[in-house]
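FYI, the numbering just counts along the sequence from 1.
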Amino acid sequence: MTRIILPFLAVLAASLARAAPAPLFGINLGSGDESNAQPVTVSQDDISADILRPALFSRTAYCSAASVTNMSCGAPCDATPNVQVLTAGGDDGAIPGFFVASDPDTQTIVVAHQGTDPHKILSIANDIEFAQTAANATLFPQASSSVKLHSGFQDTQGRTADIVMSTVQSALASTGFKQVLVTGHSLGAAVASLDAAMLRMALSSDVAVKSVVFGLPRVGNQDWADLFDTLIPDFIHVTNQNDPVPNVPPHDLSFEHPSGEVHITSVDATSGDATMEACPGQENQNCAAGNSLLKVSVANHLGPYLQDISFGDKACPA
């Protein structure tokens, strides 16, 4: 049945987009930019330098707030031994898990967000509100009225925005660090990208704001993607093989990914090394956006992504 329904929904969405570009029942119809530029292989050195450590933090975000606070979450915490957690929280529901930490090894303040827990219905509900709404003017003062965001993702991000902002600002002042890393997986990736934009708009220009996320769903419309490209030009969003999540909400409902996709084409089961390609432009059809609806793998959403790093409850039982 799924093999029949998914293609039908895709065709229906595309037909509606051509016929009715105006909002319908609160949902905008239409699609944005696409790229057909050829992907470029990412070296293992670059993967280790730019992607590995954010993946470790995104995995840790699935651990309980108590174990993260004490850095007693087992292997995930052991992988980043010198990190000092400044605040952690969440209820795995309306407020997914998150933490803010100081990473002296890289002189960085880290913000990490947990993804969707399939066993908690409130987290799943956050993901399925497809209606687009205007960006919160307080949190995103540089966003024009044409910037529209997924209502559920924006609401979820707003529940922790104040504590993230205040903790990051305090940590930058007390440590003297000049870099912030924002990361997360799945729903956590969506919240992390919103946090990155919020922090970039609020912090002084001498503080670098970087964001590396995993399994990112689409967060906003074309104007959001363009704005985000200017705010975080070195953004990385890692997509894993046939993971379906990067293709929701549908492109034909006026949702658009920003640039910066790095696509995993395979993971070596023996070494754990991932083969990755950098995908130029937005919605590169040679990468996740070109995946077939008939060949999806939910397992790819959880991992492994690289070096035996997977995400979800099982990746961090503590």
Side-chain angles (χ1 to χ4, degrees), residues 47 51-69 71-80 83 85 88-99 101 110-128 152-153 156-157 160 181-193 195 211-219 236-248 262-264 266-269 272 274 276 288 291 296-318:
I47 291 171
I51 297 175
L52 176 58
R53 199 162 184 84
L56 294 173
F57 289 126
S58 288
R59 179 177 64 178
T60 301
Y62 277 94
C63 304
S64 69
S67 67
V68 171
T69 299
M71 289 297 287
S72 60
C73 62
C77 289
D78 293 343
T80 54
V83 167
V85 175
D91 59 10
D92 294 333
I95 304 176
F98 72 97
F99 68 87
V110 177
V111 180
H113 288 276
Q114 176 193 17
T116 300
D117 177 354
H119 304 296
K120 303 288 186 178
I121 189 65
L122 286 177
S123 283
I124 296 173
N126 280 327
D127 286 7
I128 62 175
F153 295 157
T156 301
Q157 187 264 345
T160 56
L181 168 68
V182 194
T183 190
H185 167 255
S186 192
L187 170 62
V191 174
S193 66
D195 267 2
S211 185
V212 180
V213 300
F214 304 85
L216 174 71
R218 295 185 179 101
V219 173
I236 296 175
H237 66 102
V238 180
T239 59
N240 189 15
Q241 301 174 84
N242 291 302
D243 175 10
V245 171
N247 281 316
V248 296
V262 171
H263 185 61
I264 298 173
S266 64
V267 179
D268 188 286
M276 299 190 186
N291 283 351
V296 298
S297 171
V298 175
N300 284 161
H301 185 57
L302 296 176
Y305 280 64
L306 71 160
Q307 300 303 316
D308 202 33
I309 298 173
S310 295
F311 303 111
D313 291 349
K314 293 181 179 179
C316 191

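- Contact between Asn300 and Asn242 at its shortest, heavy atoms only, is OD1-N, 3.0 Å.
- The shortest heavy-atom contact between Val267 and Gly272 is CG1-O, 4.0 Å.
- Side-chain atoms of Leu52 and Ile309, non-hydrogen and from C-beta on, do get closer than 4.5 Å to each other.
- Taken from CG in Leu302 to OG1 in Thr116, the straight-line distance is 10.0 Å, to the nearest 0.5 Å.
- In this structure, Phe214 and Tyr305 have perpendicular ring planes: the angle between them is above 60°, well past the 30° mark.
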Between Ser310 and Tyr62, does the side-chain contact (heavy atoms from CB on, under 4.5 Å) criterion hold? Intermediate values first, please. CA-CA 10 Å; Ser310 295; Tyr62 277 94; over 6 Å; no

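- One N or O on the side chain of Ser211 and one on the backbone of Val182 form a donor-acceptor pair closer than 3.5 Å.
- With sequence neighbours left out, the ring pair (Phe, Tyr, Trp, His ring centres under 6.0 Å) criterion links Phe99 to no other residue.
- Annotation: the span from Phe57 atom CZ to Thr183 atom OG1 amounts to 9.0 Å, rounded to 0.5 Å.
- Put simply, the side chain of Ile47 does not reach to within 4.5 Å of the side chain of Gln307, judged on heavy atoms.
- Considering only heavy atoms from C-beta on, His113 stays 4.5 Å or farther from Pro96 through its side chain.
- Within 6.0 Å of CG in Asp308 there are 12 or fewer heavy atoms belonging to other residues, nucleotides or ligands.
- The side-chain heavy atoms of Cys77 and Thr60, taken from C-beta on, include a pair separated by under 4.5 Å.
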Given the rule in the side-chain contact (heavy atoms from CB on, under 4.5 Å) test, do Ile264 and Asp243 qualify, once you have shown the distances and angles that lead to the verdict? CA-CA 10 Å; Ile264 298 173; Asp243 175 10; over 6 Å; no

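- Separation of atoms CE (Met276) and CG (Asn240) is listed at 8.0 Å; rounding is to 0.5 Å.
- Between the OG1 atom in Thr80 and the CZ atom in Arg53 there is a gap of 6.0 Å [rounded to 0.5 Å].
- To the nearest 0.5 angstrom, Ser64 atom OG is 10.0 Å from Gln114 atom CD.
- Nearest heavy atom pair, residue Leu56 against residue Ala79, reads CD2-CB, 4.0 Å.
- Between His263 and Gln241, the shortest heavy-atom contact is CE1-O, 3.1 Å.
- Closest non-hydrogen pair, Ser186 versus Gly115, comes out as CB-CA, 4.1 Å.
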Checklist entry - Given Asn291 and Asn247, is the side-chain contact (heavy atoms from CB on, under 4.5 Å) satisfied, shown in steps? => result CA-CA 8 Å; Asn291 283 351; Asn247 281 316; 4.1 Å; yes

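- Taking OG1 of Thr239 as the start and CD1 of Ile236 as the end, the distance is 12.0 Å to the nearest 0.5 Å.
- Counting only heavy atoms from C-beta outward, the side chains of Ile51 and Val238 approach each other to under 4.5 Å.
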(message) side-chain contact (heavy atoms from CB on, under 4.5 Å) for His185 and His301? Distances and angles first, verdict last.
(response) CA-CA 9 Å; His185 167 255; His301 185 57; 3.6 Å; yes

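- Nearest heavy-atom pair, Ala192 versus Val213, reported as atom, atom and distance to 0.1 Å: CB-CG1, 3.9 Å.
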